[in-house]
Amino acid sequence: MKVTEHIKQANGKTLFSFEIVPPQKGQNIQELYNNIDPLMEFKPPFIDVTTSREEYVYIEKNDLLDRKITRMRPGTVGICASLKYKYNVDAIPHVLCGGFTKEETEYVLVDCHYLGLDNVMALRGDAMKHEKYFSANKNGHQYASQLVAQIKDLNRGKYLHELIETPYNSNFCIGVAGYPEKHLEAPSMDADLRRLKEKVNAGADYIVTQMFFDNKKYFEFVEKARSIGITVPIIPGIKPIAIQRHLQILPQIFKIDLPEELVSAIEQCKDNKQVRQVGVEWTIAQSKELVAKGVPVVHFYSMGKSDNIKEIASAIF
């Protein structure tokens with residue numbers, strides 16, 4: 001079922017969902033299941049599964065370092081199929097611009113269609129680790145709006161090199177990312193909102209935000225989006241702080257601000273156990289306010305760990 005259908009059928013009740021990352025190559029998927037199992041009691045209608053782009057590794061060969069391209073966390077589509085049939089839940093693969101050609105994207109989408117995956121999350125993705133700025137692969141998409149347009153075309157039977165008349169077209173519900181504190185590369189908030197409107201105009205059906213720690217920024221973001229004609233559901237994405245280093249890592253990677261009250265509370269913690277509890281309590285308060293304001297879904301960035309998410313969800317759902 002489509003994300004938008006889940007929201008409509010909820011009749012104003014806030015839903016619970018979360019995002020996971022695939023295990024690294026060579027790891028057992030059972031550990032992933034072990035972290036998902038405790039969260040299923042909250043009846044998530046959908047679970048997001050991230051996609052990692054390619055990266056370079058250096059392999060020693062004849063006393064020289066040979067550079068190879070690899071993907072450390074493959075298996076997104078396979079995991080989505082597994083989750084769908086194991087838990088009877090809608091699993092949403094992330095589809096990236098970065099690291100994929102348009103043809104490779106089409107193959108991924110065809111696989112998703114055959115597997116009965118009704119939703120996809122269309123993202124530009126990050127720059128490679130050695131790049132300062134994002135650059136598309138040859139014959140790939142530079143912008144998420146272009147990726148959305150390709151998915152929308154496929155829904156109409158328009159493939160890259162042919163138009164196929166068939167009653168069996170895909171009908172993907174398309175999610176995209178939104179940034180309450182603007183994308184790190186955007187010159188201004190207004191410019192970033194215009195890019196978001198382009199994604200919606202191209203065919204996006206709903207938006208999931210990047211993490212934020214101040215609900216005021218989310219509410220202002222939604223208000224600004226509505227003022228320029230964006231009417232699709234805007235789902236808040238939430239991440240509980242769990243370790244002391246998050247104070248440095250999260251602002252550095254995601255270019256977000258942390259509220260001074262939260263920073264002060266974490267700085268007073270003696271160890272990560274205390275930090276985790278501060279993070280849980282802050283996220284519970286955040287989530288309660290979001291639910292009270294009637295958000296369609298509270299979406300948690302779990303990173304595959306469920307203990308703190310379970311504690312939070314128990315207090316909310």
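Keep in mind that the numbers below use all heavy atoms, side chains included, and drop hydrogens, waters and symmetry copies. Here the structure is a predicted model, which is why all the values come from computation and not from measurement.
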Q: Quick one: pull up CD in Gln142 and OG in Ser135 and give me the separation to the nearest 0.5 Å.
A: 7.0 Å
Q.
Tell me if a side-chain donor or acceptor on Ser17 pairs with a main-chain N or O of Phe46 at a distance below 3.5 Å.
A. no
**Q.** Separation of Ile29 CD1 from Ile79 CD1 (nearest 0.5 Å)
**A.** 5.0 Å
Q | Partner set under side-chain contact (heavy atoms from CB on, under 4.5 Å) for Asp153, not counting sequence neighbours | A | Arg156, Lys158
Q.
Grouping I, L, V, M, F, W and Y whenever their side-chain heavy atoms are under 4.5 Å apart, do Val298 and Val89 come out in a common cluster?
A. yes
Q.
A quick test of your reading: do over 12 heavy atoms of other residues, nucleotides or ligands sit less than 6.0 Å from OH of Tyr114?
A. no
Q: Treating Ile, Leu, Val, Met, Phe, Trp and Tyr as nodes and any side-chain heavy-atom pair under 4.5 angstrom as an edge, say whether Val120 and Phe100 lie in one connected cluster.
A: no
Q. Same hydrophobic cluster for Ile316 and Val297, using side-chain heavy-atom links shorter than 4.5 Å among ILVMFWY?
A. no
Q) Are the side chain of Asp37 and the backbone N or O of Met40 linked by a donor-acceptor pair below 3.5 Å? A) no
Q) When rounded to the nearest 0.5 angstrom, what distance separates SG in Cys97 from CG in Leu147? A) 4.5 Å
Q: For the pair Trp282 (side chain) and Phe213 (backbone), establish whether a donor and an acceptor sit closer than 3.5 Å, ignoring hydrogens and angles.
A: yes
Q: Among residues two or more places apart or on two chains, list those pairs meeting ring-ring contact (aromatic ring centres under 6.0 Å, His included) that have a residue in residues 139-168.
A: none
Q: Could you walk me through whether Asn215 and Lys293 pass side-chain contact (heavy atoms from CB on, under 4.5 Å), step by step?
A: CA-CA 10 Å; Asn215 285 350; Lys293 293 288 188 179; over 6 Å; no
(Q) Are Phe317 and Phe42 an aromatic pair, judged by ring center distance below 6.0 Å? (A) no
Q. Quick check: does any side chain N or O of Thr76 sit under 3.5 Å from a backbone N or O of Pro93, one acting as donor and the other as acceptor?
A. no
Q) Is there side-chain contact between Lys199 and Arg124, with at least one heavy-atom pair below 4.5 Å? A) no
Q) Does the salt bridge (charged side-chain N to carboxylate O under 4.0 Å, His left out) test come out yes or no for Glu311 and Arg276, once each step is laid out? A) CA-CA 11 Å; Glu311 190 173 343; Arg276 177 192 174 280; 3.2 Å; yes
(Q) Can you confirm whether or not the ring centre of Phe16 sits under 6.0 Å from the ring centre of Phe18? (A) yes
(Q) Is it the case that the side chain of Asn119 and the backbone of Ile92 share a donor-acceptor pair, with hydrogens and angles ignored and the cut-off at 3.5 Å? (A) no
**Q.** Lys/Arg-Asp/Glu bridge criterion (N-O < 4.0 Å) met for Lys216, Glu289
**A.** no
Q) Leu96 and Thr105: which non-hydrogen atoms are nearest, and at how many Å? A) O-OG1, 4.2 Å
Q. Just by modelled atom types, is the Lys102 backbone N or O under 3.5 Å from a matching donor or acceptor in the Glu106 side chain?
A. no
Q | Closest approach of Met189 to Phe221 (non-hydrogen atoms, all atoms of both residues) | A | CE-CD1, 3.5 Å
Q: Output yes when Asp90 and Lys2 qualify as a salt bridge under the 4.0 Å nitrogen-oxygen rule, no when they do not.
A: no
(Q) Nearest 0.5 angstrom please: Glu5 CD to Ile7 CD1, how far? (A) 10.5 Å
Q | Lys217 bridged to Asp257 by N-O distance under 4.0 Å | A | yes
Q) Is the shortest heavy-atom distance from the side chain of Tyr218 to the side chain of Thr209 under 4.5 Å? A) yes
Q. So, the side chain of Ser188 versus the backbone of Ala191: is there a donor-acceptor pair under 3.5 Å, distance only?
A. yes
Q: Please step through side-chain contact (heavy atoms from CB on, under 4.5 Å) for the pair Tyr206 and Val200, ending with a clear verdict.
A: CA-CA 8 Å; Tyr206 68 98; Val200 173; over 6 Å; no
Q) Would you call Arg226 and Glu223 a salt bridge, using N to O less than 4.0 angstrom? A) no
**Q.** Donor + acceptor pair across side chains of Gln268, Ser264 (<3.5 Å)
**A.** yes
Q | Closest heavy-atom pair and its distance - Leu163, Gly157 | A | CD1-O, 3.4 Å
Q. What are the two closest heavy atoms between Ser302 and Glu19, and how far apart are they?
A. OG-O, 2.6 Å
Q) Does Tyr301 share a hydrophobic cluster with Leu258, counting links as ILVMFWY side-chain heavy atoms below 4.5 Å and allowing steps through other members? A) yes
Q) If Ile, Leu, Val, Met, Phe, Trp and Tyr residues are connected whenever their side-chain heavy atoms lie under 4.5 Å apart, and connections chain through other members, are Ile256 and Val263 in the same group? A) yes
Q. When you measure from the side chain of Ser82 to the backbone N and O of Gly78, does any donor-acceptor pair fall under 3.5 Å?
A. no
Q: Would you check if the side chain of Asn139 reaches a backbone N or O of Thr101 as a donor-acceptor pair within less than 3.5 Å?
A: no
**Q.** Within-4.5 Å side-chain heavy-atom neighbours: Leu115 and Lys84
**A.** no
Q: Return yes if a side-chain donor-acceptor contact under 3.5 Å exists between Glu31 and Asn35, otherwise no.
A: no
Q: Would you indicate whether Asp126, at its atom CG, is surrounded by more than 12 heavy atoms from other residues, nucleotides or ligands within a distance under 6.0 Å?
A: no
Q.
Do Ser306 and Ile36 have side chains that approach each other closer than 4.5 Å (heavy atoms only, starting at C-beta)?
A. no
Q: State whether a side-chain donor-acceptor pair under 3.5 Å links Asn155 with Ser170.
A: yes
Contacts under 3.5 angstrom, residues 229-249 side chains, donor-acceptor by atom type, not counting sequence neighbours:
residue: His246; atom: ND1; partner: Ala242; partner atom: N; Å: 3.1

(Q) Any side-chain to backbone donor/acceptor pair from Lys255 onto Gln252? Under 3.5 Å, distance only. (A) yes
**Q.** Crowding at CD, Glu220 (>12 non-hydrogen neighbours, <6.0 Å)
**A.** yes
Q) How many angstroms lie between atom CG of Leu184 and atom CD of Gln210, to the nearest 0.5 angstrom? A) 7.5 Å
Q.
For a 4.5 angstrom cut-off between non-hydrogen side-chain atoms, does Lys197 reach Asn201?
A. yes
Q.
Show the nearest heavy-atom pair for residues Cys173 and Thr4, with the distance to one decimal.
A. SG-OG1, 3.8 Å
Q) Under 4.5 Å between any side-chain heavy atoms of Val108 and Cys112, yes or no? A) yes
Q. Relative to the ring of Tyr87, is the ring of Tyr33 parallel (under 30°), tilted (30 to 60°) or perpendicular (over 60°)?
A. perpendicular
Q.
I'd like to check Leu109 versus Phe172 (side-chain heavy atoms, cut-off strictly below 4.5 Å). Are they in contact?
A. yes
Q. Got a second to check how far Glu281's CD is from Asn308's CG, nearest 0.5 Å?
A. 12.5 Å
**Q.** For Ile207 against Ala177, the heavy-atom pair lying closest together
**A.** CG2-C, 4.1 Å
(Q) I'd like to check Leu196 versus Asp192 (side-chain heavy atoms, cut-off strictly below 4.5 Å). Are they in contact? (A) no
Q) In terms of heavy-atom contacts, does CG of Asp271 have more than 12 from other residues, nucleotides or ligands at under 6.0 Å? A) yes
Q: May I have the step-by-step check of side-chain contact (heavy atoms from CB on, under 4.5 Å) for His299 and Met211, ending in yes or no?
A: CA-CA 9 Å; His299 184 71; Met211 70 182 72; over 6 Å; no
Q. Between His94 and Thr50, do the side chains contain an N or O donor and an N or O acceptor separated by less than 3.5 Å?
A. no
